[in-house]
Visitor: 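There's a structure below that I have some questions on.
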Amino acid sequence: MSEPDEARRFYARLMAAQARSADPRIEEVFAAVPRETFLGPGPWTVFAGEGRFETPSADPSYIYQNVLVVLDADKGINNGEPLLHAMWLGKVAPKPGEAVTHIGAGTGYYTALLSKLVGPSGSVTAFEIEADLAARAKANLAAYDNVEIVQADAVANPLPPSDIIYVNAGVVAPPAAWLGALKPGGRMIFPWRPSETVGLAVLITRLENGFACRPFMGSWFIPCVGASAVEPGAKIPTRERAARTRSIWLRKDKAPDRTATAVFGDVWFSSRTIRADNTR
């Protein structure tokens, strides 16, 4: 076994442990997908904590750690923190045969992991608004038969019906059309950024009677084009109120009430818990 392969296998074991998932495939996919394929030629610029470093060489072993890797320094676009994505994959639990929409695919590394998790019977539609990154993702994922790269704005264009919507750009609220694209039982995971001081990862599940919503960790991503501006009249939450959110509603289905923790246009967040047994 070469040193990069050995480093990747150890990295995969660490990521799987942090994912807190019983699915052994999390480790398998991190071990199977070579990260360096999606980063361009090394050496690479990486971030860890508040530090920015250049790797000493193009040895892939340097990027099999929990580091951000710069993709476009001018636009602040990075290949995201592997530990965060391991935890997100554990939360959203992709299953073989499911249809995934990946918003903010970058150069395709995490798209590849999603592709492996849903398998040949599943599919991944990956949106990337930046033309150069989308072109790189398309080239990087050419061998992944179940992946389609769409160079487009995922806010302005319709999403396909999805079991999972995996969002890698910060939104003040998920657009109503994204919620509508979720199939029954579908899950959406996204960075909720309702203000400059609040950043939370949120898991939404579509139930028969609404959308369950659970913030579960801090999370900061670059803003999502078209879904990051706060409209006049919005109710902006503190971090404490945001963390108490347990459901999300469309105004057309239910008007905001005293349980509202945040209100943004057609979508509002509530502290009310909803359950699959139709009790609210």
Visitor: With sequence neighbours excluded, give me every ring pair (Phe, Tyr, Trp, His ring centres under 6.0 Å) pair touching residues 163-187.
Guide: H85-Y166, W88-Y166, H102-Y166

Visitor: Does a donor on one side chain and an acceptor on the other come within less than 3.5 Å for D257 and T259?
Guide: yes

Visitor: Is the backbone N or O of F38 less than 3.5 Å from a side-chain atom of T107, with the two atoms forming a donor-acceptor pair by type?
Guide: yes

Visitor: Between CD1 of I222 and CG of N78, what distance do you get to the nearest 0.5 Å?
Guide: 8.0 Å

Visitor: Report the C-alpha separation of R251 and V263 in whole Å, then their side-chain angles, then the decisive distance to 0.1 Å, and conclude whether the side chain to side chain contact (heavy atoms under 4.5 Å, CB included) test is met.
Guide: CA-CA 9 Å; R251 276 184 185 265; V263 182; 3.1 Å; yes

Visitor: With a 4.5 Å cut-off on side-chain heavy-atom distances among I, L, V, M, F, W and Y, is there a chain of contacts connecting F53 to L39?
Guide: yes

Visitor: Would you compute the distance between atom CG of L141 and atom CZ of R136 and round it to the nearest 0.5 angstrom?
Guide: 12.0 Å

Visitor: Determine whether K252 and D266 make a side-chain contact, defined as any pair of heavy atoms from C-beta on separated by less than 4.5 Å.
Guide: no

Visitor: Is there a chain of hydrophobic side chains (I, L, V, M, F, W, Y, each step under 4.5 Å between heavy atoms) that links L68 to M15?
Guide: no

Visitor: Among W44, F30, Y11, find the one that has a ring pair (Phe, Tyr, Trp, His ring centres under 6.0 Å) with Y64.
Guide: Y11

Visitor: Do P120 and D145 make a side-chain contact, defined as non-hydrogen atoms from C-beta onward lying under 4.5 Å apart?
Guide: no

Visitor: Taking the side chain from E128 and the backbone from Q151, do they hold a donor-acceptor pair closer than 3.5 Å?
Guide: no

Visitor: Closest approach of A152 and N157, non-hydrogen atoms and distance?
Guide: CB-ND2, 3.8 Å

Visitor: Return yes if some donor-acceptor pair links the side-chain N/O of R20 with the main-chain N/O of G90 below 3.5 Å, else return no.
Guide: no

Visitor: Does F47, at its CZ atom, have more than 12 non-hydrogen atoms belonging to other residues, nucleotides or ligands within less than 6.0 Å?
Guide: yes

Visitor: If you measure only the distance, is there a donor-acceptor pair under 3.5 Å linking the side chains of W268 and S270?
Guide: no

Visitor: Check whether any side-chain heavy atom of R52 sits under 4.5 Å from a side-chain heavy atom of T45, and report yes or no.
Guide: yes

Visitor: If the condition is side-chain contact (heavy atoms from CB on, under 4.5 Å), which residues does K116 pass it with, not counting sequence neighbours?
Guide: V29, V33, Y144

Visitor: Checking the side chain of R187 only, and the main-chain atoms of K91 only, is there a donor and an acceptor separated by less than 3.5 Å?
Guide: no

Visitor: Taking a hydrophobic cluster as the set of Ile, Leu, Val, Met, Phe, Trp and Tyr residues connected by side-chain heavy atoms closer than 4.5 Å, whether directly or through intermediates, do I129 and F127 fall within one such cluster?
Guide: no

Visitor: Would a 4.5 Å heavy-atom cut-off, applied to side chains only, mark S123 and V118 as touching?
Guide: no

Visitor: Using modelled atom types only, decide if a donor and an acceptor are shared between the side chain of R241 and the backbone of A260 within a distance under 3.5 Å.
Guide: yes

Visitor: Are the side chain of N140 and the backbone N or O of G108 linked by a donor-acceptor pair below 3.5 Å?
Guide: no

Visitor: Where do L14 and N66 land on the side chain to side chain contact (heavy atoms under 4.5 Å, CB included) test, with the steps shown first?
Guide: CA-CA 9 Å; L14 294 177; N66 189 45; over 6 Å; no

Visitor: From Y110 OH over to R35 CZ, what is the distance, rounded to the nearest 0.5 angstrom?
Guide: 4.5 Å

Visitor: Check S271 against T261 and note the closest heavy-atom contact, atom names and distance.
Guide: N-CG2, 3.8 Å

Visitor: Given side chain to side chain contact (heavy atoms under 4.5 Å, CB included), test F269 with V202 step by step and report yes or no.
Guide: CA-CA 12 Å; F269 299 75; V202 174; 5.7 Å; no

Visitor: State, with a plain yes or no, whether a side-chain heavy atom of P174 is found less than 4.5 Å away from one of I204.
Guide: yes

Visitor: CZ/F216 to CG/L203 distance, rounded to the nearest 0.5 angstrom?
Guide: 6.5 Å

Visitor: Show the nearest heavy-atom pair for residues F221 and G170, with the distance to one decimal.
Guide: CB-N, 3.8 Å

Visitor: Between M217 and L84, is the side chain to side chain contact (heavy atoms under 4.5 Å, CB included) condition met? List the steps.
Guide: CA-CA 9 Å; M217 65 182 289; L84 176 145; 4.2 Å; yes

Visitor: Within this structure, what is the CZ-CZ distance for the pair R13 and R8, rounded to the nearest 0.5 Å?
Guide: 14.0 Å

Visitor: Could you check if a side-chain atom of L159 sits within less than 4.5 angstrom of a side-chain atom of I103, using non-hydrogen atoms only?
Guide: yes

Visitor: Quick check: closest heavy atoms across C213 and P215, and the distance to 0.1 Å?
Guide: O-CD, 4.0 Å

Visitor: Out of curiosity, L89 CG to I26 CD1, how far, rounded to the nearest 0.5 Å?
Guide: 5.0 Å

Visitor: How far apart are the closest heavy atoms of R239 and V198, and which atoms are they?
Guide: N-CG2, 3.7 Å

Visitor: Could you pull out the closest heavy-atom pair between I274 and G210, with the gap in Å?
Guide: CD1-C, 3.4 Å

Visitor: Should F211 and M188 be regarded as members of a common hydrophobic cluster, given that ILVMFWY residues are connected when their side-chain heavy atoms come within less than 4.5 Å of each other, either directly or indirectly?
Guide: yes

Visitor: Would you indicate whether the side-chain heavy atoms of L250 and V267 approach each other to under 4.5 Å?
Guide: yes

Visitor: Taking the side chain from W192 and the backbone from V172, do they hold a donor-acceptor pair closer than 3.5 Å?
Guide: yes

Visitor: Distance-only, no hydrogens or angles: does the S247 side chain make a donor-acceptor pair with backbone N or O of R272 under 3.5 Å?
Guide: yes

Visitor: Establish whether V69 and I77 are linked, either directly or via other cluster members, by ILVMFWY side-chain heavy-atom contacts under 4.5 Å.
Guide: yes

Visitor: Donor-acceptor pair, distance only, cut-off 3.5 Å: does the side chain of D163 make one with the backbone of A99?
Guide: yes

Visitor: Using side-chain hydrogen bond (donor to acceptor under 3.5 Å, both in side chains), reason through D59 and S61 one step at a time and then give a plain yes or no.
Guide: CA-CA 5 Å; D59 182 346; S61 300; 3.1 Å; yes

Visitor: Judged by atom type as modelled, is there a donor-acceptor pair below 3.5 Å linking the side chain of S228 to the main-chain atoms of V225?
Guide: no

Visitor: Going by heavy atoms in the side chains, are P96 and R25 under 4.5 Å from each other?
Guide: yes

